[in-house]
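Per chain, numbering begins at 1; letters A, B, ... match sequence-line order.
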Amino acid sequence: MRGGQGTTRAPVLQFTNCRILRGGALLREDLWVREGRILDPEKLFFDERRVADEQRDCGGCILAPGFIDVQINGGFGVDFSKTTENVGSGVALVAQRILSHGVTSFCPTLVTSPPEIYHKVLPQIPVKSGGPHGAGVLGVHLEGPFISQEKRGAHPEAHLRSFEARAFHDVLATYGPLDNVRIVTLAPELGRSHEVIQALTAQGICVSLGHSVADLQAAEEAVQSGATFITHLFNAMLPFHHRDPGIVGLLTSDRLPPGRCIFYGMIADGIHTNPAALRIAYRAHPQGLVLVTDAVPALGLGNGRHTLGQQDVEVDGLTAYVAGTKTLCGSIAPMDVCVRHFLQATGCSVEAALEAASLHPAQLLGLEKSKGSLDFGADAGEAPRRRDPAKGWVRAQVSGSSWFLAP
Amino acid sequence: MRLVILDNYDLASEWAAKYICNRIIQFKPGQDRYFTLGLPTGSTPLGCYKKLIEYHKSGDLSFKYVKTFNMDEYVGLPRNHPESYHSYMWNNFFKHIDIDPNNAHILDGNAADLQAECDAFEKKIKEAGGIDLFVGGMGPDGHIAFNEPGASLVSRTRLKTLIYSKVPTMALTVGVGTVMDAREVMILITGAHKAFALYKAIEEGVNHMWTVSAFQQHPRTIFVCDEDATLELRVKTVKYFKGLMHVHNKLVDPLHSMKEGN
């Protein structure tokens with residue numbers, strides 16, 4: 001006998017014999033899913049008087065929320081900033097391939113580009129739900145062009161811009177409509193940045209500080225204006241100094257608005273950040289750490305030489321060099337490798353490592369009710385299992401945000 | 001009565017679970033023949049529930065044809081509150097076994113008409129054919145369910161005001177009379193803090209100040225205790241019933257299993 005009002009006939013799936021990441025701990029609990037959402041089985045039992053239609057034994061696995069990558073420039077030969085034709089299929093390819101890294105949602109990232117590129121490309125990358133076809137697109141991350149000339153890194157100098165003249169109007173003129181934009185990285189020392197940060201924040205866009213020579217005070221003011229993220233901490237900013245900690249000092253600043261948590265991206269591939277620096281940041285402010293790949297198009301291409309646009313790249317394991325040199329040209333560590341490396345380097349708990357790649361980015365983007373966790377009501381999905389013995393993880397292609405991991 | 005005395009809490013819990021297991025299996029429950037079980041909450045029965053879950057997980061015991069009726073529930077506490085008895089039963093028992101949710105009955109402390117809810121509960125028990133085995137616990141003041149000292153020994157399911165509890169202040173509870181109607185009653189009593197109440201309940205007279213004493217007048221009651229709970233009894237009483245353990249143990253040994261194709 002089925003009771004209750006408006007009970008759906010959709011099948012209820014129960015994952016048994018597993019540990020689930022919930023509330024910051026790994027609990028020995030079953031995970032219940034219906035129609036792409038995590039279900040409260042107690043409510044199901046007492047209110048609807050139903051049991052599961054199908055049970056799946058997870059063999060002692062950990063079930064974790066899908067990873068969220070908020071900084072990824074491309075992969076598998078695709079460069080989000082260079083493709084102007086067929087951007088959609090490039091994004092779709094990356095979205096499909098990163099599923100096997102555990103990423104179920106991401107922000108395709110565009111580096112400093114001329115306005116024509118933004119106007120052409122942005123409309124072709126709409127926000128899209130994930131599924132077995134690929135990770136969901138949460139919105140685009142625009143890294144530049146409003147950044148510091150001195151700290152531009154690999155960004156092309158010719159296309160750097162300022163918004164001193166007309167503040168937010170300059171921003172709109174450069175990017176075009178902001179509908180598909182989720183994060184903007186800018187340098188707060190640029191004139192009128194406060195107006196811009198406030199305007200972007202008012203539109204629901206996350207403002208991140210990066211590629212900047214700002215001192216701590218400028219950074220704090222930017223946070224007070226609405227900035228909530230730091231782009232790849234330590235890289236492309238002033239180094240920590242004990243009398244002026246710069247942007248890095250935000251991790252322990254006492255001048256942030258009450259209740260505000262500052263999040264910061266870290267590339268934990270073992271190459272771009274020294275493990276000791278990673279540990280310093282983690283110990284100073286563990287709740288704000290967000291793992292990002294900042295992956296470049298060489299991600300996933302395998303060892304050997306590849307031609308990417310104008311560049312020849314040599315891939316050797318987790319390192320990508322400009323061909324024929326020892327110059328690093330971007331990160332290529334997949335997210336699950338970053339999570340494992342982060343776990344090893346910091347000695348943190350498995351729960352903390354998983355949260356750094358799921359819960360924290362979800363909190364950064366204000367999505368924690370539906371993504372980044374296995375709480376009741378969060379997004380979940382069907383999970384056909386696929387074993388990947390080479391990497392020692394049992395993987396599942398999942399739509400939405402749920403995922404299997406077995407270290 | 002049978003007074004079954006085991007050395008410690010774990011052994012007492014196991015004995016009780018084995019007894020329940022055997023009773024269910026020997027009853028041969030089926031499609032048209034459900035075994036009805038009354039169930040308690042609190043810390044005492046936790047060990048017993050754990051063992052029952054073990055027997056279920058090993059495939060020896062199924063609750064598919066078992067109907068359960070819990071003794072009580074707080075009034076006004078949200079059903080999913082961690083202190084509610086619904087939460088207790090879900091987390092400690094129901095979620096680990098194969099009982100049909102339609103057969104797991106717990107009083108609804110948030111019903112619009114509380115007395116009607118109590119009356120409906122009595123009716124459900126009747127419609128289920130009465131309770132085959134009512135398992136209960138006993139408080140340090142000798143109460144069963146929320147039938148505190150002074151509660152009528154012929155009471156039925158009703159609303160009770162709680163004095164030892166600040167919040168919540170009221171609960172719905174089966175009455176002493178409700179439990180007395182069961183064909184068999186098993187009371188679990190463990191711990192030295194229960195010893196005095198056990199003495200009052202079985203060595204003194206039937207008295208509404210120690211409501212568990214009502215079961216002296218029930219034809220089939222088993223008290224399952226650990227050594228500590230017997231500390232206030234006469235040596236004579238304890239020796240007598242310990243001397244009967246070889247008889248008591250025939251009820252749990254052999255331990256039956258549904259795997260035998262019962």
Side-chain angles (χ1 to χ4, degrees), chain A residues 1-35 37-61 63 369 373-378 380 402, chain B residues 31-32 34 39 41 46 49-50 53-54 56-59 62-70 72-75 77-112 117 120-121 124 127-128 172:
Chain A
M1 179 175 75
R2 304 268 146 103
Q5 302 234 358
T7 40
T8 163
R9 290 275 157 179
V12 172
L13 189 52
Q14 178 188 6
F15 295 96
T16 64
N17 190 14
C18 53
R19 285 172 291 158
I20 66 176
L21 179 66
R22 188 178 277 163
L26 282 174
L27 309 171
R28 248 222 163 279
E29 290 282 350
D30 296 344
L31 187 74
W32 295 63
V33 174
R34 176 169 64 185
E35 282 188 314
R37 292 219 172 274
I38 309 228
L39 197 56
D40 180 350
E42 190 181 339
K43 216 162 178 294
L44 186 75
F45 187 89
F46 288 124
D47 289 351
E48 295 182 51
R49 309 241 156 229
R50 267 182 78 173
V51 292
D53 297 288
E54 191 192 332
Q55 288 188 332
R56 279 191 210 169
D57 188 322
C58 298
C61 249
L63 297 195
K369 290 255 169 352
S373 85
L374 297 178
D375 289 345
F376 303 137
S402 281
Chain B
Q31 188 77 34
D32 306 305
Y34 281 75
L39 292 177
T41 52
L46 285 174
Y49 283 132
K50 280 205 173 72
I53 291 165
E54 236 180 76
H56 169 68
K57 288 220 187 304
S58 61
S62 164
F63 292 86
K64 192 170 175 200
Y65 297 114
V66 173
K67 287 185 179 170
T68 64
F69 291 88
N70 265 73
D72 42 22
E73 175 59 287
Y74 289 112
V75 167
L77 203 59
R79 202 224 58 236
N80 61 355
H81 190 281
E83 300 282 315
S84 87
Y85 288 165
H86 280 77
S87 285
Y88 176 102
M89 289 308 297
W90 168 254
N91 285 307
N92 294 309
F93 198 45
F94 296 146
K95 83 176 173 194
H96 305 282
I97 59 170
D98 62 344
I99 190 166
D100 182 334
N102 291 295
N103 292 333
H105 302 282
I106 309 181
L107 285 156
D108 178 6
N110 292 300
E117 170 67 13
F121 200 71
K124 276 187 214 153
E127 281 164 357
L172 302 183

- Query: Should the pair H86(B) and F46(A) be assigned to parallel (<30°), tilted (30 to 60°) or perpendicular (>60°) ring geometry?
  - Reply: perpendicular
V51(A) and I99(B) have their tightest heavy-atom pair at CG1-O, 4.4 Å
Separation between CG (D100(B)) and CZ (F45(A)), nearest 0.5 Å, reads 8.0 Å
All heavy atoms of R79(B) vs all of E42(A), minimum pair found to be O-OE2, 3.8 Å
With sequence neighbours left out, the residues meeting ring pair (Phe, Tyr, Trp, His ring centres under 6.0 Å) with Y49(B) are F93(B)
Do other residues, nucleotides or ligands put more than 12 heavy atoms under 6.0 Å from the NZ atom of K64(B)?
no
- Around atom NZ of K124(B), are there more than 12 heavy atoms of other residues, nucleotides or ligands at under 6.0 Å? yes
By salt bridge (Lys or Arg N to Asp or Glu O under 4.0 Å), E117(B) pairs with (sequence neighbours left out) none
Rounding to 0.5 Å, atoms CG (L44(A)) and NZ (K95(B)) come to a distance of 13.5 Å
